Amino acid sequence: MRKFYVLFKYEIHKLLVSSSTYFIGAVFMAILTLIYMFTLREFILSDQDFTFMHAFLRHCWIPVLLGVPLLTMRTFSEDYKIGMIQSIKTTSIGDFSIVVAKFLSTYLFYTALWVNSLLLAFLLPLLVPSIVSSGSFFATYNLTGGYLYILLSGLLFIAIGIFFSSLTENQVLSGSLSFIAIFAMFLSGPIFSSKVLSSGTLINHAFIRPLNIFNQMDSACLGVFDTRVFVLYVSLSLLFLAFAKIALEKKFS
Amino acid sequence: MADIVKVEKLSKKYGKFIALNNVSFILSRGKIVGLIGPNGAGKTSLLKILSGLMPANSGQASIGGVDLAERPNLAKDKISFMAESNPLADHMRVGEYLRFRAALKGIKDVRLNVEKVMRKCDIYYDARYKMIKNLSKGYRQRVGIADALLGDSELIILDEPTIGLDPKQIILIRQTLLGLRGSRTLLISSHILSELETICDYFIIINSGEIVATGSLEEICKSKIRSNIMHIDLALNCVSDETISDFLSKNRLTPVDTEPGKTRENLRVEFKIDSCRMGEIVKSAADYFGEYLLGIGRESSSLEEVFLSATRRYRD
C-alpha cells in the first residue's frame, strides 16, 4: 500500500508539473464557459422545460468527449515511450497497482476540473439575477444529481482512456481511439433508443432506455439515481482497468 | 547460500525467433560478472528476464533462492536494474527522483540512502537540485547508476553502465563498482570489453541465444583460445634469418609477422602456438639459440580475443 501511495503521488506530481495538464484544463474550462454562455442565452431568449443547471449539465458530454482523451492519452503512452514504465516495473509493485495509480490520479484531476466548473454556477446570480429570483436557476437535486452522475460516468470514461493508452506508445493514436470509443458510447444510446422506439418493442425499450447516457443524465438531474446505472459504470470501469492491466502485462511478455 | 542467481534451461521466443535457447548458469554471491555477446545475441532478453520485467517461455530462474516466475515481487526486491536506455523522469530533480525511486523500492532510510549513492556517483554537489531533463548524457548515466545502487539489492544488473561517460567518470564508476565486490553481485552487460576486463572476475559469453562460454578470463582462454601467441627475444645481430626460419619450420610454427620486430637490444619473433606444445617449444628454442636466447614468453589473451574466438563459429 505504501508503494502504491508513492506511485500515486508520483503520478499526481507528473500531472501538476506538466504544461499540457494546464492546457487541457484551460481548454476544458473554455468549453464549459462557452456552453454556459450558450445555455444562458437560450434560457433568456426562450421558455425552457428544464432549470438552467439541468440544461447546462445536459451538454456535459462535449467537454468530456474532448477532455478525457486529452487527459488520458499520455498516462501509459508517454511512459512507454520514455521507458519509465519499465523502470517502475522493475520494482515490486504490481501491474494493477500501476494501472490504478494512473487511473486515480487522472480521475482526481478530472474531478477537480468539474468542481472548478461550480464557480460558473455561482456566477449566475451575479450575471442574471432575474433567473435566480424566478426559481428556474436550479434545485439542489439538479446540482448534486447532475454532478454525481458526471463523476460516476467519469469513472468509466477515464478507465476507457487509460485502457487505450495502455495499448500503444503513440499518444495521438491512443487519444483518437478513446475519443472514438467515448463518442460511440454517447451516440449508441440515442441510436438504439430510436430504433427500439420505431420497432415499438416495449420490453426492449425498458432495457435500452437506462443505457442511454442522455436519459441517465436527465434522471440524475431530476434527482433519480438508478442503481443499475451505478453498477453498470462501476463494473465497466473495473473491466476496462483489468483490460489495461492485461495490456500492460502483454507489453512485457 | 553461495549462489545468488540460478538459471536453468531458460528459453525465450518472440514468435518464431528464438532469443534464448536453454540457457543455464549459476552466479556466486559477491562476484562481478560480465555478460558479453554480439548485437542480437539475447543479452537484453536475458537481463529483462532476470530483472523480472519479462517472463521466460520455459525454464527457471531464481534470485537468492526465490523463483522469479512464482514469486516475482519478492525476487524483484532483491534486484536493481539499470536499463541500457536508462529511462529517467525528466520532470523531476535528481534528488527528488532518487527519493521517489528509493521509496518505490521500499527502502527504509530514504534520505540517507539517496545521499550516500549521490556521493558515490559524484552527483551530490553539482546535480542534486538539477532538473533531469537538463542533464548531460554523462550525468544522466550517473543518475541511472545511482538509482541501481540504491538500497541493498543482492543483485545489481547494469546494461551498458559506462556508455557516454568521460574517462574521469568511468574511473569513478569503476571504483564504485569495484567497491561493491564481495558484498553485492553485479551483472554487467557492455560492449566496452576493456572496461569489463578490468572489473569483472567472471564472464558469460552469449551468442545466438546460447551460452558459448562461462568462467574467468583465464578459464575461457584455456577452453576457447587454442592457438596463443608466443614470442622469443634474441640478441640483436647474433642470429641469422635462416636460423630463425629453420627453427620455425622445424617446430611447425607460423610467424605472426613476416619480419621479426627489432628494438635497440633485441630481436622479437612472434608466432602462434598450441598451448599443449609450450614446453616442447621452450626446450627447442633453448637448444637452437643457446646463449643468444634472451627471453621467451606467451602473450596473454585479451577479452576481445576471447570474445572473437568464442563467437567465431557463429560469425563464420
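Computed from a prediction, not measured in an experiment: that's the story for all the values here. Quick note on labels: first sequence line is chain A, next is B, and so on, each numbered from 1.
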Sub-4.5 Å side-chain heavy-atom contact between [X] and [Y]:
X: Tyr10(A); Y: Met92(B); value: yes
X: Phe252(A); Y: Lys48(B); value: no
X: Ile79(B); Y: Thr90(A); value: no

In Å and rounded to the nearest 0.5 Å, what is the [atom1] to [atom2] distance from [X] to [Y]?
X: Ser97(A); Y: Asn73(B); atom1: OG; atom2: CG; answer: 8.5 Å
X: Met84(A); Y: His91(B); atom1: CE; atom2: NE2; answer: 7.0 Å
X: Lys14(A); Y: Asp90(B); atom1: NZ; atom2: CG; answer: 11.0 Å
X: Phe81(B); Y: Thr91(A); atom1: CZ; atom2: OG1; answer: 13.0 Å

Review point. At a heavy-atom separation under 4.5 Å, does Ile88(A) approach chain B through its side chain, its backbone, both, or neither?
Key: both
Exercise for review: Keeping the roles fixed (side chain from Lys76(B), backbone from Lys89(A)), state whether a donor-acceptor pair exists under 3.5 Å.
Suggested key: yes
Point to revise | Salt-bridge criterion met for Asp77(B) and Lys3(A) (N-O under 4.0 Å) | key: yes
Study note, to complete from the structure: All heavy atoms of Pro87(B) vs all of Ile82(A), minimum pair found to be CB-O, 3.1 Å
**Study point:** Lys9(B) NZ: over 12 foreign heavy atoms closer than 6.0 Å
**Key:** no
Point to revise | Neighbour count >12 (heavy atoms, 6.0 Å) for atom CZ, Arg71(B) | key: no
Practice item. Count the heavy-atom pairs under 4.5 Å between each of Pro72(B), Ala75(B), Ser85(B), Gly106(B) and chain A, then report the option with the highest count. Key: Gly106(B)
Practice item. Please test Tyr97(B) against His13(A) for ring pair (Phe, Tyr, Trp, His ring centres under 6.0 Å), starting from the C-alpha separation and ending with a verdict. Key: CA-CA 11 Å; Tyr97(B) 172 72; His13(A) 179 267; over 10 Å; no
Practice item. With a 4.5 angstrom heavy-atom cut-off, could you sort out which part of Ile157(B) is near chain A: side chain, backbone, both or neither? Key: neither
Review point. Between Ser87(A) and Arg101(B), is any side-chain donor less than 3.5 angstrom from a side-chain acceptor?
Key: yes
Exercise for review: Would you please test Leu104(B) and Ile93(A) for side-chain contact (heavy atoms from CB on, under 4.5 Å) and show each step?
Suggested key: CA-CA 8 Å; Leu104(B) 200 59; Ile93(A) 192 159; 4.3 Å; yes
